[in-house]
Amino acid sequence: MRYALLVQGAPYSSQASHSALRFAAALLARGHHLACVFFYHDGVYNAARLAAPPQDEPHLLDAWRRLSEEHGTQLQVCIAAALRRGLLDEREASRHGKSGHSVEPPFELTGLGQLIDLGLGVDRLVTFAP
Amino acid sequence: MQAETVLDGDVLVILRHPPHGSSWLREGLDAALVAAAFGQAVSLLFQGDGVLALLKGQGAGPLGQKGTSATLDMLAMYDIESLFLDATSLARLGLSTETLQLPASPLEPPSIAALIAGHRLVLTF
């Protein structure tokens with residue numbers, strides 16, 4: 001089956017991101033396909049490239065990156081929700097005159113239309129929210 | 001049986017948060033508007049504290065967050081006219097449909113299940 005995940009919880013603040021990663025691992029282990037993880041609401045903080053959690057905690061950013069590298073899963077971030085929360089890629093940072101950027105590939109900023117397209121195009125869209 | 005035909009649509013957005021104090025309602029409505037702009041038949045279900053979004057006469061006042069009442073008025077322009085609310089939630093808050101800004105059909109639990117089953121994509125906020 002083709003799956004997509006919608007993550008709406010900030011990393012470390014709630015269980016949502018941890019559960020989404022575990023669910024992703026479980027469905028991949030069963031031979032399903034994970035097309036995309038879409039980050040919305042406070043879930044966009046999962047894409048903050050400067051995240052530096054203590055070493056004895058799971059590194060969620062690295063886990064998402066690994067998921068994308070190993071399984072070709074797209075990591076899409078709602079651009080409107082991201083910009084409000086200080087998450088900009090290089091292009092948006094320069095457009096808004098900011099001196100640094102906080103989002104980089106494999107995460108990509110995209111519109112909510114992608115979420116709708118995705119939801120209608122996969123067999124299951126599963127939401128993880130706080 | 002006819003009710004089930006009425007309830008069918010492409011995208012159902014479930015709104016469970018009140019209009020002020022968090023961005024859940026606003027970001028949920030944004031998703032609904034985008035889905036409609038993409039040509040999908042969108043239905044809204046107001047559930048739990050989400051029914052408070054429908055209360056008449058709301059203003060954001062001194063709050064830093066933009067209110068959502070103006071967005072609700074725009075729903076018709078986006079052809080979002082299938083509005084439903086959880087009758088139990090409304091009663092629990094001591095409200096009646098006369099206090100609402102927009103006409104939303106009250107649904108009992110079995111109809112809510114049919115509503116969810118009748119949509120291809122369900123987004124919960």
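As the structure is a prediction and not an experimental result, all values here were calculated from the model. Chain identifiers are assigned alphabetically (A, B, ...) following the order of the sequence lines, protein sequences preceding nucleic acid strands; residue numbering begins at 1 within each chain.
Contact count against chain B (heavy-atom pairs under 4.5 Å) is highest for A:Leu120 among A:Leu120, A:Asp42, A:Thr127, A:Leu115.
B:Trp24 and A:Ala129 get closest at one heavy-atom pair: CH2-CB, 4.2 Å. Nearest heavy atom pair, residue B:Val34 against residue A:Gly113, reads CG1-N, 3.4 Å.
Only the side chain of B:Leu123 comes within contact range of chain A, with at least one heavy atom under 4.5 Å from a heavy atom of that chain. Contact annotation for A:Val126: neither backbone nor side-chain heavy atoms come within less than 4.5 Å of a heavy atom of chain B. At a 4.5 Å heavy-atom cutoff, A:Arg124 makes no contact with chain B through either its backbone or its side chain. Proximity to chain A (any heavy atom under 4.5 Å) is shown, for B:Ser23, by both the backbone and the side chain. For chain B, the nearby part of A:Leu125 is the side chain; its heavy atoms alone come within less than 4.5 Å.
Among residues at least two apart or in separate chains, side-chain hydrogen bond (donor to acceptor under 3.5 Å, both in side chains) pairs with a member in residues 91-109 of chain B are B:Asp73-B:Gln101.
Under the 4.5 Å side-chain heavy-atom criterion for grouping Ile, Leu, Val, Met, Phe, Trp and Tyr, B:Leu33 is connected to B:Leu54 within one hydrophobic cluster. Under the 4.5 Å side-chain heavy-atom criterion for grouping Ile, Leu, Val, Met, Phe, Trp and Tyr, B:Leu121 is not connected to A:Tyr3 through any hydrophobic cluster. Placement of A:Val77 and A:Leu5 within a single hydrophobic cluster is found when ILVMFWY residues are connected by side-chain heavy-atom separations under 4.5 Å, directly or transitively. Criterion: ILVMFWY side-chain heavy atoms under 4.5 Å apart, direct or through other members. Under it, B:Leu102 and B:Tyr78 are part of a common hydrophobic cluster. Under a hydrophobic clustering in which Ile, Leu, Val, Met, Phe, Trp and Tyr are joined whenever their side-chain heavy atoms come within less than 4.5 Å, directly or via other members, B:Ile80 and B:Met77 fall into the same cluster.
Between the CZ atom in B:Phe125 and the CG atom in A:Leu6 there is a gap of 6.0 Å [rounded to 0.5 Å]. Separating the NE2 atom in A:His41 from the CZ atom in B:Arg26 is a distance of 12.0 Å, to the nearest 0.5 Å.
More than 12 heavy atoms of other residues, nucleotides or ligands shown are found within 6.0 angstrom of CZ on B:Arg120.
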